[in-house]
Amino acid sequence: MNWELIYSHAVQWVKEAGENIRLSFDKTLNIQTKSNRNDLVTNIDKETEQFFIDKIRAVYPEHKIMGEEGLGDQLENLDGIVWLIDPIDGTMNFVHQQRNFAISLGVYENGVGKIGLVYDVVHDELYHAIKGHGAFLNDKKIPALHNREVKDSIIALNATWVMENRSIDHHLLIPLARDARGTRSYGSAALELVYIAAGRMDAYISLRLSPWDVAGGAVIVEELGGIVTNLRGEKLDYLSKDSLLVARPGLHQTILHDYLKDGKW
Ligand code: IPD
Ligand code: CA
Ligand code: CA
């Protein structure tokens, strides 16, 4: 498999899609809701997903595509080469703030992440990795991640998860939030993953994410030695929704054992 070629196509298409999204800022958005009134989707989410699908199908007709907006394939397994695409991760930010969102793209072979791209369109920051060849922010190589103690860490989590009383063991997150140096919540899982890769934050916890939220950023974080699992410490399968714990090596183990291990997640 010529991963370098697939990678160069992916980079080219992500940049082009980003340019189209930037141009959309001057136009009126068509905004709709999905599962609830806060679950937003716009014409730009759909157009961007369709843009990738057209590009991929033209060059790689044998590859499969899983996209958030459902314009790709309905997959029952991850056999072969699969592109996992979130055309805009952080749509609420896109609509309300016109920043703090990203295009997320992962290319997987038989369920193993090979290429990860997360493009912060507004800042023109492309985080990218091919498995085994290092991870980069634009042209700059990102250094490997090392352990950090909870008391020195910034941990990304959403306040609504900590308060949420329908999720059984949410209270276990309270001591973690208290012990950490600080907490943050950016509203884009893809960006939160690559912020860990770039050393801007140290861990990220979510109770429920979809494969396309995580697939691109996970390749980048793992390339740097970061650990990506669900809150039970298991590997993700990228076919179903799951919880997520991403952290520096060492810190991941500490959070899992000292804070989360008694929880039903
Ligand atoms: C959402 C963002 C958000 C996360 C949600 C996701 P979307 O993705 O990643 O940070 O908390 O669970 O659904 O809908 O903006 O692509
Ligand atoms: Ca998303
Ligand atoms: Ca999305």
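First listed ligand is number 1; within each ligand, the first listed atom is number 1.
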Go through R22 and E19 one step at a time and tell me if the salt bridge (Lys or Arg N to Asp or Glu O under 4.0 Å) criterion holds.
-> CA-CA 5 Å; R22 281 190 293 268; E19 177 60 16; 3.0 Å; yes
Per-atom contacts of ligand 1 with T91, taking only distances under 4.0 Å to non-hydrogen atoms = 15 (O)
Is the closest side-chain donor-acceptor distance between D124 and Y119 under 3.5 Å?
-> yes
E68/K34 salt bridge by N-O under 4.0 Å criterion = yes
Could you tell me whether the side chains of N100 and S188 share a donor-acceptor contact shorter than 3.5 Å?
-> no
Spell out, as yes or no, whether a donor-acceptor pair under 3.5 Å connects the side chain of D45 to the backbone of T42.
-> yes
Numbering as shown, the atoms of ligand 1 that approach R208 to under 4.0 Å (heavy-atom distance) | 12 (O)
List every atom of ligand 1 that sits less than 4.0 Å from any heavy atom of S188, numbering the atoms from 1 in the order shown and giving each element.
-> 9 (O), 10 (O)
Checking S243 side chain against W265 main chain: does a donor-acceptor pair fall under 3.5 Å?
-> no
With salt bridge (Lys or Arg N to Asp or Glu O under 4.0 Å) as the test, would you mind laying out the steps for D73 and K64 before giving the verdict?
-> CA-CA 7 Å; D73 303 304; K64 296 189 277 183; over 6 Å; no
Closest to atom 2 (C) of ligand 1 among protein heavy atoms sits D89 OD1, 3.5 Å
Checking ring pair (Phe, Tyr, Trp, His ring centres under 6.0 Å) for the pair H133/Y7: CA distance, chi angles, key distance, verdict?
-> CA-CA 12 Å; H133 292 84; Y7 179 70; 8.8 Å; no
N/O of A189 under 3.5 Å from N/O of ligand 1, yes or no?
-> yes
For the Ca ion (ligand 3), protein N, O or S atoms at a distance below 3.0 Å amount to 3
Protein contact to atom 14 (O) of ligand 1 [nearest heavy atom, distance to 0.1 Å] = E68 OE2, 3.8 Å
When you measure from atom 6 (C) of ligand 1 to each heavy atom in D213, L207, V214, L191, which option holds the nearest one?
-> D213
Would you mind checking which non-hydrogen protein atom is closest to atom 11 (O) of ligand 1, with the distance to 0.1 Å?
-> L209 CD2, 4.4 Å
For D86, the ligand 1 atoms with a heavy-atom partner under 4.0 Å come out as 16 (O)
Have a look at S206, S104, G187 and point out the one with the heavy atom closest to atom 3 (C) of ligand 1.
-> G187
Report the C-alpha distance between Q50 and D54 in whole Å, list the side-chain angles of each, state the deciding distance to 0.1 Å, and finish with yes or no for side chain to side chain contact (heavy atoms under 4.5 Å, CB included).
-> CA-CA 6 Å; Q50 192 61 55; D54 293 345; 3.0 Å; yes
Could you tell me if any non-hydrogen atom of N158 lies under 4.0 Å from any atom of ligand 1?
-> no
For atom 7 (P) of ligand 1, the protein heavy atom that lies nearest, with its residue and separation = G90 N, 3.7 Å
Mark yes or no for whether E192, through its side chain, and Y186, through its backbone, hold a donor-acceptor pair below 3.5 Å.
-> yes
Is it true that I88 lies under 4.0 Å from ligand 1, counting heavy atoms only?
-> yes
Okay, side chain of D213, backbone of S210: is any donor-acceptor separation there less than 3.5 Å?
-> yes
Under 30°, 30 to 60°, or over 60°: which ring-plane class applies to Y238 and Y108, parallel, tilted or perpendicular?
-> tilted
